[in-house]
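Counting convention: from 1, in listed order, for ligands and their atoms alike. All figures in this text were calculated on a predicted structure; none of them were measured in a lab.
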Amino acid sequence: MERNMGGWAIAVHGGAGVDPNLPQQRQEEAKQLLTRCLNLGIDALRSNLSAVDVVELVVRELETDPVFNSGRGSALTAKGTVEMESSIMDGLGRRCGAVSGLTTVKNPVSLARLVMERSPHSYLAFAGAEDFARQQGVEVVDNEYFITEENVGMLKLAKEANTIMFDYRIPEAGGLETCSAVVESPILMNGLPISVYAPETVGCVVVDSQGRCAAATSTGGLMNKMSGRIGDSPLIGAGTYACNLCGVSCTGEGEAIIRGTLAREVAAVMEYKELGLQEAVNFVIRERLDEGKAGLIAVSNKGEVAWGFNTTGMFRGCATEDGFMEVGIWD
Ligand SMILES: NC(=O)C[C@H](N)C(=O)O
């Protein structure tokens, strides 16, 4: 799908790889949150906030709500702790900031923005990033704040199955059944079984009415990941990218997104193959991504919005200045 209205455009995602048996209630909950976040972004764009301000604002909202896998509600490490990561990129001047290994920062995307604006670096991680957060006076909370009962249940299941979970479902009776079905036919990666589903990382891409593009992505990573594991979300060019042409945010199996440098590839094929935004998204998903692994959202400086995925579904929503708005999960 593609819209080309020449004004502002916004897209949000709440993760790719959705379980086809996801309870209806959970689907509705996710769609409501995406709609609320889109509206927040739309109001901000109408008030003339810049693209980078809008992506930060929207991702903060998604981090604060526990529905998706970022900030509160983040996936847990094998140790049962939360290690969050995020990045933000302003297409104007291609400025960027990224953070990993955060354990107490309430809104990782805002720390990524501070790395971009108030540090001489692009990427800070673990203890150094936490020190920087304190130095900057951002809101910090106990690690417990990020841990939800639901995720504790999911980690238990992942551990029992010795699986690094890409799934993110409610550990109720139905959830358990679906989950064991996943585990019965695992995909092996480096000798470890991995389910085919992806958890619900969040991201937002925006082009404002002046044609400035920005992108931001935030996540807790994968359920039962090794402590210290870094995925695609904080990696500029892999999970997040923005330039004067477009803004892109990815979601799915981080290792596959990193191998494909997906976000940057969208910009590269637009630039060097002179493809339109949706064509570029389709090309990258088809040519640079292993089957069933990921999805992405994108905007262009012309006010186009596009998305694509090769997983079962992707939580996403988009809107353009002419009043078009769509929120969906499946193809
Ligand atoms: N659902 C996700 O998008 C997970 C994220 N890409 C990661 O691998 O950390």
Practice prompt. Compute the shortest N/O to N/O distance between G254 and ligand 1 and return yes if it is under 3.5 Å, no if not.
Written response: yes
Sequence neighbours excluded and cut-off under 3.5 Å, please list the side-chain donor-acceptor pairs for residues 38-54, or say none.
unit_1, atom_1, unit_2, atom_2, d
N39, ND2, T35, O, 3.3
S47, OG, D43, O, 2.9
S50, OG, D53, N, 3.4
S50, OG, D53, OD2, 3.3
D53, OD1, R113, NH1, 2.7
D53, OD1, R113, NH2, 3.1

Worksheet item: Which is it for M314 and ligand 1 at heavy atoms under 4.0 Å: side chain, backbone, both or neither?
Response: neither
Worksheet item: Do the side-chain N and O atoms of T104 and E130 include a donor-acceptor pair separated by under 3.5 angstrom?
Response: yes
Worksheet item: Is it true that R229 lies under 4.0 Å from ligand 1, counting heavy atoms only?
Response: yes
Discussion item. Count I, L, V, M, F, W, Y as connected when their side-chain heavy atoms are under 4.5 Å apart, and connections chain through other members. Are V327 and V58 then in the same cluster?
Written reply: yes
Discussion item. Need the ligand 1 atom indices (1-based, order shown) with element for anything under 4.0 Å from a heavy-atom of G221.
Written reply: 9 (O)
Discussion item. Applying salt bridge (charged side-chain N to carboxylate O under 4.0 Å, His left out), can you list everything that pairs with E28, at least two apart in sequence or on another chain?
Written reply: K31
Worksheet item: Less than 3.5 Å between some nitrogen or oxygen of T201 and one of ligand 1, yes or no?
Response: yes
Worksheet item: Near T251, which atoms of ligand 1 are under 4.0 Å from a heavy atom of that residue?
Response: 1 (N), 2 (C), 3 (O)
Worksheet item: Is the NZ or CZ atom of R288 both under 6.0 Å from the centre of the six-membered ring of F283 and within 45° of that ring's axis?
Response: no
Fill in: N or O pair under 3.5 Å between G252 and ligand 1
yes
Worksheet entry | Heteroatom proximity flag, T219 to ligand 1, N/O under 3.5 Å | no
Worksheet item: So, E56 versus S110: side-chain donor-acceptor pair below 3.5 Å or not?
Response: yes
Practice prompt. With rounding to the nearest 0.5 Å, note down the distance linking CD1 in I88 to OG in S218.
Written response: 10.0 Å
Practice prompt. Using a strict 4.0 Å cut-off to heavy atoms of D232, name the atoms of ligand 1 that fall inside it.
Written response: 5 (C), 6 (N), 7 (C), 8 (O)
